[in-house]
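Below is one structure, written out as structure tokens; comments come after it.
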Amino acid sequence: MEAGINTRQRLGGRCGLLVVLAVVLLLRLPFLNQAVQGDDDTYISEAEHALIDPLHPAHTAYTFRGVDVDLRGHSHPPLDAWVLAGLLAVFGDIKEIPFHAAYILFSLIAAAAMWSLARRFSPRPLWAALLFLAVPAFVVNGNSFESDLPFLAFWMAAVALFCAGRVWLAVLAMALASMAAYQAVFLTPILAVYVWLYHRADRRRWAAILTPPLVIAAWQIFERISTGELPAGMLAGYFAAYNFQTLAIKARNAAALTIHACWILFPGLLAAALWLTWGSRARRLKGRPTSETRFLLAWISIFFAGAIAVFFAGSARYLLPIAAPLALLASRLPAKWLAGAFAAQMALSLGLATVNYEHWDACRRFAEQLRQPSAGHRVWVDGELGLRFYLEADHALPLRKTQKLRAGDIVVSSELTQAVAPTAPVSTIARMVIQPPIPLRLIGLESQSGYSDASRGLWPFGASAGVIDRLRADLVMERHPTREYLPMNAPEATEQIVSGIYQLEAGAYRWMGPSAAVILKAPQAAASLAVTFTIPATAPARRITLLMDGAPVAAQNYPRPGTYTLATRALRPPTDTAHVEIQVDRTFSAPPDTRELGIVLTAVGFAH
């Protein structure tokens, strides 16, 4: 019996902490060579700019889904970019193994903070910490260069230090968390509950919990003074432009986060923990939970309500900050239940992390496979995430919606994240189907998993062996226009449309953006060049300009919506083909459609 007590004491002290840190290393070391993935590329772009302008990592442009955006409107402050910039300064380039080795530090900080909280709030601190480490989002997202783990590390450190009475160190951790993610502001009401329960008269603690909003406000003011823009204002503008805060998207976000919350711990364990909290324990204490329980429940409810209010994608990683209190509540259950739930959850998390590794490693290998065939060609990436990073690291550029492709260009696309879908005639030179054998999916063409983005489904992960993505590289071929006059529903339209014109609708017309380009067969004799179009009632465009081979040939203002034809005098192109461009003065978007819309085209060409 004495031996059993000694064992429990050791596992509740330094020995237990060493076990927890060892588990972290066992989780991270197999994934040191994890390929760049997800939104890593955005943070890396900021880090690269930080080497030029250290105080303003986000003061740079980034091409997102074919459109240039200002990263000052990024959804995170610059701490993660600074960390990556420091690693770039040391290693000279993105090197997966040393970078991931450095990022293990954040997992270790989060685990150590969890251990401190577990000793304070749990009768079984080791099980509480192990349950925290088995959370799918901790295992999977801890292998990325995104801000999730740096934020979690300092969030956890702030709470642990604050509860341990080390207030000034907690203030530093709160400041760092605030520079990693705006949701650090939720620390203020959560820690206010703690102060109210335990240190109601302590003015120093009341002042300390104001650190997150003050740090975030100070950063906003600094950016406004030094760059002329308020990051929060730009972020709100992008939210509006992409309709991220519409009722339908917010409802989907709430549903997804609710489902993800049920999988932070193994679902059966979560249900038992809630019953223990609200059922038998509440009855035993005559309906009054302990102060520890009330604080943990306040932590969960405040952050969860805030997540529903501010987020839009419903991603599992958003809820990492409430993994700790859920694990602490669950750790009060019998040890045999905890052991089974930990084993099941860890098996699931490692399976998801392995599939994630194989997905992005395939993108890395595809980019390497194209290095030699693409030498000497212009290469464009019609896709996002890890594939884009590895191609750009060679000599590719992101494909913009306005880009005019020419023969000999190579377009590499990801069916999963393709945004532009050019219409040029192509010959496919390489393909890859990404389909790991493990029947779990975080994302995929043949999965309804909403792990990263609720727009793809509400399931926390996919139980499927379906295709994750299809990659292809296409060589742009010479265009050989066969039509002088091109109706938008002509079979030849796809080959003769160069850029700026969207897919066929109602079998008759196509929307165009701010500029549209087509290539036409030149007529034998001089003929009028004409474009037939409609200005819908919702469109603000009023001035239409027609160009041939880069020179304006006709322009006119139109006072009101309607259907019109803009025509030129008789023209004869100097070559066998004519490059024709239509421009509009103003565009708009029609939510939930995020396309930039100008006018509706019916036909363009030489009219005899």
Side-chain angles (χ1 to χ4, degrees), residues 9 12-14 16-17 20 109-129 131-132 151-178 183-215 273-274 276-307 319-333:
Q9 289 175 342
R14 184 171 298 177
L17 175 59
V20 171
I109 292 172
M114 179 62 193
W115 176 252
S116 174
L117 290 168
R119 296 192 69 190
R120 167 73 173 80
F121 291 101
S122 173
R124 298 182 180 85
L126 181 60
W127 279 118
L131 289 173
F132 174 79
F151 168 64
L152 180 68
F154 295 120
W155 169 284
M156 293 289 294
V159 178
L161 290 166
F162 196 84
C163 292
R166 307 182 73 174
V167 177
W168 296 118
L169 286 176
V171 166
L172 175 60
M174 280 187 263
L176 291 171
S178 302
Q183 56 266 35
V185 74
F186 298 138
L187 279 168
T188 297
I190 290 169
L191 294 179
V193 173
Y194 183 86
V195 178
W196 180 260
L197 291 172
Y198 294 102
H199 304 281
R200 202 169 299 181
D202 190 336
R203 294 182 179 179
R204 184 182 59 150
R205 291 177 187 266
W206 284 115
I209 65 175
L210 297 176
T211 299
L214 291 176
V215 169
L274 292 176
L276 179 66
T277 300
W278 293 109
S280 59
R281 175 174 287 271
R283 287 196 301 271
R284 187 163 65 248
L285 298 175
K286 297 181 180 181
R288 288 185 58 81
T290 63
S291 295
E292 289 85 355
T293 300
R294 279 183 282 168
F295 171 61
L296 296 177
L297 291 174
W299 180 347
I300 295 166
S301 57
I302 290 171
F303 189 89
F304 186 76
L319 297 182
L320 271 171
I322 64 171
L326 285 171
L328 292 168
L329 290 174
S331 68
R332 300 170 182 178
L333 292 166

Output side-chain donor-acceptor pairs under 3.5 Å for residues 188-197, partner residues at least two apart or in another chain, one line each.
residue	atom	partner	partner atom	Å
Thr188	OG1	Ile209	O	2.7
Tyr194	OH	Cys163	O	3.3

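- Considering every non-hydrogen atom in both Ala118 and Leu328, the closest pair reads CA-CD2, 3.5 Å.
- The two residues Ala113 and Ala157 have their closest heavy-atom pair at CB-N, 3.7 Å.
- Residue Leu319 comes nearest to Ala307 through the heavy atom pair CD2-CB, 4.2 Å, listed as atom of the first residue, atom of the second, then distance.
- Nearest heavy-atom pair, Trp115 versus Ala129, reported as atom, atom and distance to 0.1 Å: CE3-CB, 4.2 Å.
- Ala170 is linked by a side chain to side chain contact (heavy atoms under 4.5 Å, CB included) to Leu161, Phe162, Met174, counting only residues two or more places apart in sequence or in another chain.
- Between atom CG of residue Leu214 and atom OG of residue Ser178 there is a gap of 9.0 Å, rounded to the nearest 0.5 Å.
- Judged as a ring-ring contact (aromatic ring centres under 6.0 Å, His included), and not counting sequence neighbours, Phe304 has no contacts.
- Ring centroid separation for the pair Phe121 and Phe295 comes in under the 6.0 Å cut-off.
- The distance from the CZ atom of Arg332 to the CG atom of Leu296 is 6.0 Å, given to the nearest 0.5 Å.
- Across all non-hydrogen atoms, the minimal contact from Leu126 to Gly16 is CD1-O, 4.0 Å.
- Within a 6.0 Å sphere centred on CZ of Arg203, other residues, nucleotides and ligands contribute 12 heavy atoms or fewer.
- Checked by atom type and distance alone, the side chain of Ser122 never pairs as donor or acceptor with a backbone atom of Arg119 at under 3.5 Å.
- Qualifying salt bridge (Lys or Arg N to Asp or Glu O under 4.0 Å) partners for Arg166, counting only residues two or more places apart in sequence or in other chains: none.
- Applying the side chain to side chain contact (heavy atoms under 4.5 Å, CB included) rule to Pro321 yields the partners Phe151, Trp155, Phe303; only residues at least two apart in sequence or on another chain are considered.
- Here the side chains of Leu117 and Met156 are in contact, with some heavy-atom distance below 4.5 Å.
- Here the shortest heavy-atom pairing between Ser331 and Leu131 reads N-CD1, 4.5 Å.
- Annotation: the span from Trp299 atom CH2 to Leu326 atom CG amounts to 10.0 Å, rounded to 0.5 Å.
- Contacts classified as side-chain hydrogen bond (donor to acceptor under 3.5 Å, both in side chains) and involving residues 204-215 (residues at least two apart or in different chains) are given here: Asp202-Arg205.
- One distance of note links CG of Leu297 with CG of Leu329; it measures 5.5 Å at 0.5 Å rounding.
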